Structures are given as structure tokens and as C-alpha cells.
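To start, the structure itself, in C-alpha cells.
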Amino acid sequence: MTHMLLLYCLVFLLPTESCRTLCQVANKSKEMSPRPQGVCDGVCVDNSHCSQPCPPDSQGNMGFLCRQKKWHKITETCQTLNAFNIFETNLYSIQPLGGNTKVDEYARKPETITDRLMQTCPKDLSCVIRNIRQSPRIPGNIAVIVQLLHNISTVLLTDVDVAKMKSYSIMANHILNSKSISNWTFIPDRNSSCVLLHSVNSFARKLFINKYPIDISDVFIHTMGTAISPDNTGKNFSFSMRVNDTSSEITGQVLISRDELRKVPAPSQAISIAFPTLGAILKASFLENVTVNGLVLSVILPKELKRISLIFEKINKSEEKRTQCVGWHSLESRWDQQACQIIQENSQQAVCKCRPSKLFTSFSILMSPHILENPILTYITYLGLGISICSLILCLSIEALVWGQVTKTEISYLRHICIANVAATLLMADVWFVVASFLSSPVTHHSGCVAATFFVHFFYLSVFFWMLAKALLILYGILIVFHTLPKSVLVAALFSIGYGCPLVIAAITVAATEPGKGYLRPEACWLNWDMTKALLAFVVPALAIVVVNLVTVTLVIVKTQRPAIGSSMFQEVRAIVRISKNIAILTPLLGLTWGFGIAMVVDDSNLAFHIIFSVLNAFQGFFILVFGTILDPKIREALKGRVTSAKWISRISETNNDKCNYASVINRIFLLISLVTPPKGQANTAGYTPNLGVLKDQGIIVNTTCERLQG
């Protein structure tokens with residue numbers, strides 16, 4: 001009987017163990033080998049979407065976007081973990097009586113994984129660790145684990161001990177693995193990495209530390225904590241971790257000075273968490289153009305601590321890379337330079353002074369080789385924009401003031417329409433540029449960024465196309481007689497070019513790229529380049545118009561430099577002056593200054609090119625005011641006429657006032673004489689009574705005459 005029982009056990013247990021082993025091997029092989037990308041049915045049309053189901057062993061689907069006639073995966077929700085198989089198998093295997101009742105109970109009740117976790121292993125949260133470790137790090141599983149960690153940090157309000165923290169770190173470590181970084185890109189919820197960071201920090205904040213320090217170390221997350229008091233001479237946390245399997249270890253330190261520790265109440269505690277891969281995961285999730293160049297260090301400190309020092313060893317130790325000390329803004333989901341300042345830097349490490357708060361608990365250093373930022377450029381840009389906006393308002397005011405005097409001919413009328421619209425569109429472009437600069441991140445202000453980018457794109461294109469309209473008008477005046485077309489037709493053509501073409505280009509750009517989230521740059525409210533090349537919708541028309549304007553300037557120079565027969569040296573000098581004036585006027589108006597942007601693209605690291613480009617473009621409105629309005633002889637003559645007319649009217653008014661004053665004096669004298677002198681023929685002056693009615697009528701006549709003169 002005993003032998004039969006043993007045989008029975010072997011028959012049923014060996015296949016079970018074999019299947020379990022095979023499943024583990026299969027899961028590992030799935031993780032090591034690339035997952036099938038799927039093939040969409042039908043023709044691949046640019047910016048079209050399709051969805052394909054996940055492989056049979058997982059749930060969810062994969063989303064694809066067609067770019068350049070090829071399908072590219074953009075989202076994936078494939079997952080193998082669920083509320084049943086995430087728990088250890090022996091908890092739900094066939095058990096006598098109580099086991100069956102428990103499985104049936106869970107099948108009937110729609111509980112979450114967190115609810116079951118809190119019922120099954122509330123002491124140490126260890127009942128899901130084994131299956132989480134064995135699960136493939138595919139996007140759907142990553143999203144499930146992130147949600148689980150978030151729910152745990154929300155449910156557990158207190159009583160987080162070392163055992164719970166260890167289990168929590170193991171779960172987080174699995175999805176922080178360097179092999180999973182690329183899969184974070186395909187999670188539909190771009191905020192998943194932010195949720196993970198916030199959840200880990202929130203859970204660690206509830207950790208209770210006794211008198212002994214804690215040190216919970218995993219490969220991709222390391223937690224340290226200790227009790228602190230005002231009597232301590234200083235505290236520091238030192239970390240040394242690998243970014244991936246092949247790299248060497250990099251270090252990071254958190255330093256709390258003695259002066260800061262004196263501010264904390266006793267007893268208190270300080271906790272720090274280091275992440276070697278989280279920076280890359282945040283970049284993959286948000287498709288940012290900046291690279292984290294060190295550990296991400298989180299700190300949970302008493303609110304009394306306002307200043308800490310952080311030392312980051314650089315991952316990339318190239319001296320050509322620009323370094324910034326930053327803090328992660330928990331509300332706006334972005335790196336913010338306002339939280340930290342760099343104290344010292346060399347090729348190996350950077351020392352930062354940071355201000356921890358509720359908004360900033362995680363810090364790191366950024367490396368951004370493609371963006372040249374300099375305080376000089378910032379000052380030039382904003383100063384130039386302010387001057388440009390004021391200059392454009394003044395330019396439009398002058399145009400309105402002298403419009404009747406300078407638009408008497410058809411040629412001058414069309415020319416001033418172009419100038420006024422160039423000024424108006426550039427003014428609107430500058431205003432929307434300022435609005436876009438206040439929208440800190442496309443992630444948190446997506447709709448606002450889309451609107452601001454559309455209007456900035458449209459109005460800057462309108463500036464270029466009105467410049468093109470002016471160039472075509474100059475060519476038309478040089479090559480063709482103006483009177484061949486009615487003025488109304490020419491005006492309609494100018495407005496179609498100036499506003500119609502930019503509107504079509506801007507509308508097509510946003511309609512073609514925004515559905516696939518490829519309209520905006522991840523780090524700024526401007527047209528995307530890395531993913532969809534939407535920036536070409538601005539660069540190509542702008543450069544084409546610059547070329548046309550160069551041809552226009554060349555033709556104007558050729559036409560103006562031909563001296564008449566028998567011209568003297570004086571006439572040649574005057575021709576050179578005319579050429580210089582043409583170039584000086586046409587350069588800012590026709591957008592030739594934007595050609596310096598080509599030099600900036602060729603050598604992006606050259607600060608001189610950036611400064612020249614920033615000056616010429618930021619002060620564009622000022623140039624239009626000076627060269628397009630103030631230096632225009634007709635406008636100056638009209639303004640002078642306005643001023644002269646105003647002075648003449650003022651002088652006439654003063655003269656009339658003098659005459660009235662003189663007449664008023666004469667009138668008073670006449671009244672006085674009339675009062676004391678009797679009429680002719682009356683000898684007795686004693687019985688004389690003046691006729692006050694007649695005197696009153698004479699005064700009214702004088703006053704009426706003065707009013708007419710003043711009017």
C-alpha cells in the first residue's frame with residue numbers, strides 16, 4: 001500500500017514540477033528574446049494607426065503608427081500578471097476544504113490585488129514577490145506592478161517596518177531593472193514612471209526607524225535611513241550602484257550639515273533612496289531631450305531641514321557636456337533647475353546645494369549636449385522681445401497716424417499694407433511666444449501648449465509670408481507696370497499670401513502630427529523634431545522665403561547701381577548710398593536676418609552664432625520701426641507736417657487769444673468812458689444816467705467775436 005501511494009505521488013507531482021520548471025524557463029526566455037512586434041494588416045499610410053492582439057500567453061493589445069511607410073509600435077498593454085497568478089501557487093493550489101472555499105470566495109468577490117495582498121500576507125507583503133520576480137518585464141506587467149506599488153503606499157498609512165520595506169523594494173527593483181528601460185516607452189500612461197517615484201517616496205516616508213540605522217540594498221534601488229537629533233555633528237548617506245550589468249559603479253552622497261541638524265526636533269529621522277536607472281526610465285517615459293547623468297537621489301527629511309548638499313559622480317565624464325543640478329517637480333512632472341544650484345564641478349563629479357520640500361524630494365544632475373543655454377542669451381531674448389513689442393506698437397501707431405498722407409498713390413498704399421501687416425503679425429507672434437514660455441511643460445499643459453505652438457507657428461509663418469508678399473511686390477514693381485491689375489485684386493492677393501498660406505501650413509501640421517502625439521517637443525512648447533520632424537513645416541518655408549528675398553535684394557541692387565550716361569563720381573557715390581539704404585531697409589523687413597539660423601544649425605556649440613541670431617531676431621520689431629518707418633522719408637515728412645500743423649494751430653490759437661485779450665481791454669475802457677461821459681448835446685453831466693443795456697450788447701458782440709477767433 002505504501003509503494004502504491006509513493007507511485008501515485010510521483011505520477012502527479014513530477015509533471016507538476018516539470019511544468020513549473022518549464023514555465024520558469026519559458027518566462028526567462030521571453031524576457032531575454034525580443035517580443036514579436038506584430039504586423040498590421042492593410043496598407044501603411046503615414047500617420048495611420050492599427051491595433052494587434054498580444055501573443056496567446058498574455059492579455060492586452062499593441063498599438064502601431066505608420067511612419068515613412070513602416071509600422072512602428074507606440075503602445076503595448078500585454079501582461080501576464082493578474083489578480084490570481086501574481087500570488088504564489090501554493091496559496092491557491094488544491095487544498096482540503098478551506099482552500100477550495102477561499103478560491104471560490106475570491107472568484108465571487110471583485111477584489112483588487114492590493115486587497116488580497118493585505119488579507120494574505122499583511123505582515124511582510126512577501127506572497128507576491130516570487131511570481132513578480134519570475135514575470136517578464138513587458139509593458140503591461142510593469143504597469144500592473146506600478147499600480148500595485150501605488151495602491152500599497154496609499155493603503156498603508158503607518159506601521160511600515162523593515163520587512164515591508166524589503167518586500168516593497170524587491171517589487172520596485174524588478175521593474176527598475178536596466179533591461180526594462182525600453183519597455184517603459186510603450187506604456188500608454190506616460191506618468192507611470194512619475195507614479196512609481198512618488199509611490200516609493202511616499203512609502204518610505206511612513207517607514208519607522210528605531211535607534212538602529214537601516215540599509216536595504218537591491219541592485220536598482222537602495223534605501224538607507226537613520227535617526228537624527230540636534231546633537232549630531234552631521235549625517236551623510238553614501239551610495240555606490242551600477243547603472244547596468246556592464247558598467248562600473250557610480251557614487252552619490254547626501255550630506256546634512258551640523259547647522260541644519262540643529263533646526264530639527266528630537267527625535268527625528270532621515271531617509272534617502274538611490275536609483276541608478278530611474279533617470280533613464282523618466283526620459284524614456286516622457287521622451288525628454290535631456291539625459292540624467294548620475295544617480296537619482298530621493299530624501300525624506302523633517303520639514304525644518306531647508307538645505308542639503310548632494311555629490312553626484314557623473315556617468316558620462318566628458319567635459320564637453322553641460323551639467324545642471326535639478327530637482328524633480330512632483331506636481332508638474334519635470335526636472336526643475338530652481339530647486340538646486342551647482343556649487344562645484346569637474347569632469348568626474350558635481351556638487352549641488354538643494355532645497356528639499358513637499359514639491360522637491362528627488363534630485364539629480366542633467367547632461368544636455370544639444371541645448372546651449374547661457375544667461376546672456378536669456379537676457380538678450382527677453383530684453384529684445386520687450387523692445388520689439390513696444391517698437392511694433394509704436395510702428396502701428398505711426399502708420400495709423402500718417403496713413404492718409406503716405407498712401408495717396410497705389411504703390412505706396414500696397415507697400416504700407418505690407419509694412420503694417422508685417423508689424424502686426426510679428427507683434428502677435430512675440431506675444432504668443434511669451435505665452436508659450438510661461439507654459440512650463442507640454443506634459444502638464446498639453447492643450448495650452450498645442451494652442452500656443454499653433455499660434456506661434458502661424459504668426460511667425462505669417463511674418464515670413466508678408467515679407468514674401470513685400471518681396472513679390474518689389475519684383476512686380478521692377479518687372480511689371482503696376483496699373484495692369486486693379487488695386488483690389490492686388491490687395492486680395494497680398495492677404496491670401498500673407499495669411500492664407502500660413503494658415504494652411506499650420507493647420508495641416510497640427511492635424512497630421514497631433515493625433516500621434518508628435519506635434520510638440522517633450523521639453524518645450526514648440527514643434528517636434530525628433531519624432532515627426534514637424535519643425536520642417538516652419539524651417540522649409542522660412543528658408544525658401546529667405547532665398548526669394550535674397551534674389552529680390554540682388555535685383556534691387558542691380559537696378560539701382562546702373563549709373564546714367566555721363567554720370568560723375570558724385571552720382572556713383574549717391575548710387576552706392578542708395579544701395580546701402582536698400583539693403584539696410586530690406587534686410588530686417590524681408591527676413592534675411594533669419595538666415596543666420598543656418599550658421600547656428602551648422603555649429604550648434606558656437607555661442608557667437610547664438611548671440612548674433614538672438615540679437616537680430618529678438619530686435620526684429622525695433623529694426624522694422626527704425627528702417628521701415630522712421631527712416632522712410634515720406635513718413636518723416638508726414639510726421640513733420642503733422643507737427644508743423646499742430647504748431648501753426650497752436651500759434652493761431654495764441655494770437656487769437658491775444659487779440660481777444662486786447663479787445664476785452666478796449667471794451668472795458670470803452671465801458672468806463674461811457675459810464676463817465678454823457679452823450680453829445682447833453683451839457684448837464686450831473687443828471688446823466690448811462691444806458692447799461694447798450695453797453696451790455698457791445699460787450700456781447702466783443703465776446704462773440706473772440707469766441708469765433710478762438711474756434
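Note that this is a predicted model, so its numbers are computed, not measured.
- Atom CZ of Phe622 has 12 or fewer heavy atoms from other residues, nucleotides or ligands within 6.0 Å.
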Q: Determine, stepwise, if the pair Gln349 / Ile311 fulfils side chain to side chain contact (heavy atoms under 4.5 Å, CB included).
A: CA-CA 7 Å; Gln349 65 180 19; Ile311 302 176; 3.6 Å; yes
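- In this structure, the side chains of Phe312 and Leu310 come closer than 4.5 Å at one or more pairs of heavy atoms.
- Remark: Tyr382 OH is loosely packed, at most 12 non-hydrogen atoms of other residues, nucleotides or ligands lying under 6.0 Å away.
- A distance of 6.0 Å or more separates the ring centres of Trp432 and Phe454.
- The SG atoms of Cys525 and Cys449 lie less than 2.5 Å from each other.
- Residues Glu514 and Val450 come closest through the heavy atom pair OE1-CG2, 3.8 Å.
- The structure places SG of Cys395 at 10.0 Å from CG of Leu426, a figure rounded to the nearest 0.5 Å.
- Under the ring pair (Phe, Tyr, Trp, His ring centres under 6.0 Å) criterion, Phe458 pairs with no residue at all, not counting sequence neighbours.
- In terms of heavy atoms, Arg190 sits closest to Ile74 at NH2-O, 4.3 Å.
- Between Asn183 and Pro139, the shortest heavy-atom contact is O-CG, 3.5 Å.
- Nearest heavy-atom pair across Val296 and Gly279 is CG2-N, 3.7 Å.
- Looking at every heavy atom in both residues, Ala537 comes nearest to His457 through O-NE2, 3.4 Å.
- For Phe538 and Trp526, the ring centers sit closer than 6.0 Å to each other.
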Q: Apply disulfide bond (SG atoms under 2.5 Å apart) to Cys325 and Cys340, showing your working.
A: CA-CA 6 Å; Cys325 296; Cys340 298; over 6 Å; no
Q: Give the C-alpha distance, both sets of side-chain angles, the deciding distance and a yes or no for side chain to side chain contact (heavy atoms under 4.5 Å, CB included) between Leu468 and Val548.
A: CA-CA 7 Å; Leu468 174 64; Val548 173; 3.6 Å; yes
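- For the residue pair Asn293 and Thr323, no side-chain donor N or O sits within less than 3.5 Å of a side-chain acceptor on the partner.
- Here the CD1 atom belonging to Ile187 is positioned 11.0 Å from the OG1 atom belonging to Thr75, to the nearest 0.5 angstrom.
- To the nearest 0.5 Å, atoms CG (Asn528) and OG1 (Thr513) are separated by 7.5 Å.
- A ring-centre distance under 6.0 Å is not found for His72 and Phe64.
- The distance from atom CD1 of Ile398 to atom CG of Leu625, rounded to the nearest 0.5 Å, is 5.5 Å.
- Separation of atoms CG (Leu282) and CZ (Phe275) is listed at 9.5 Å; rounding is to 0.5 Å.
- Around NE2 of His329, the count of heavy atoms belonging to other residues, nucleotides or ligands within 6.0 Å exceeds 12.
- Considering all non-hydrogen atoms of both residues, Lys73 and Phe186 come closest at O-CE2, 3.2 Å.
- Defined by atom type and a distance below 3.5 Å, a donor-acceptor pair is missing between the side-chain atoms of Ser347 and Lys317.
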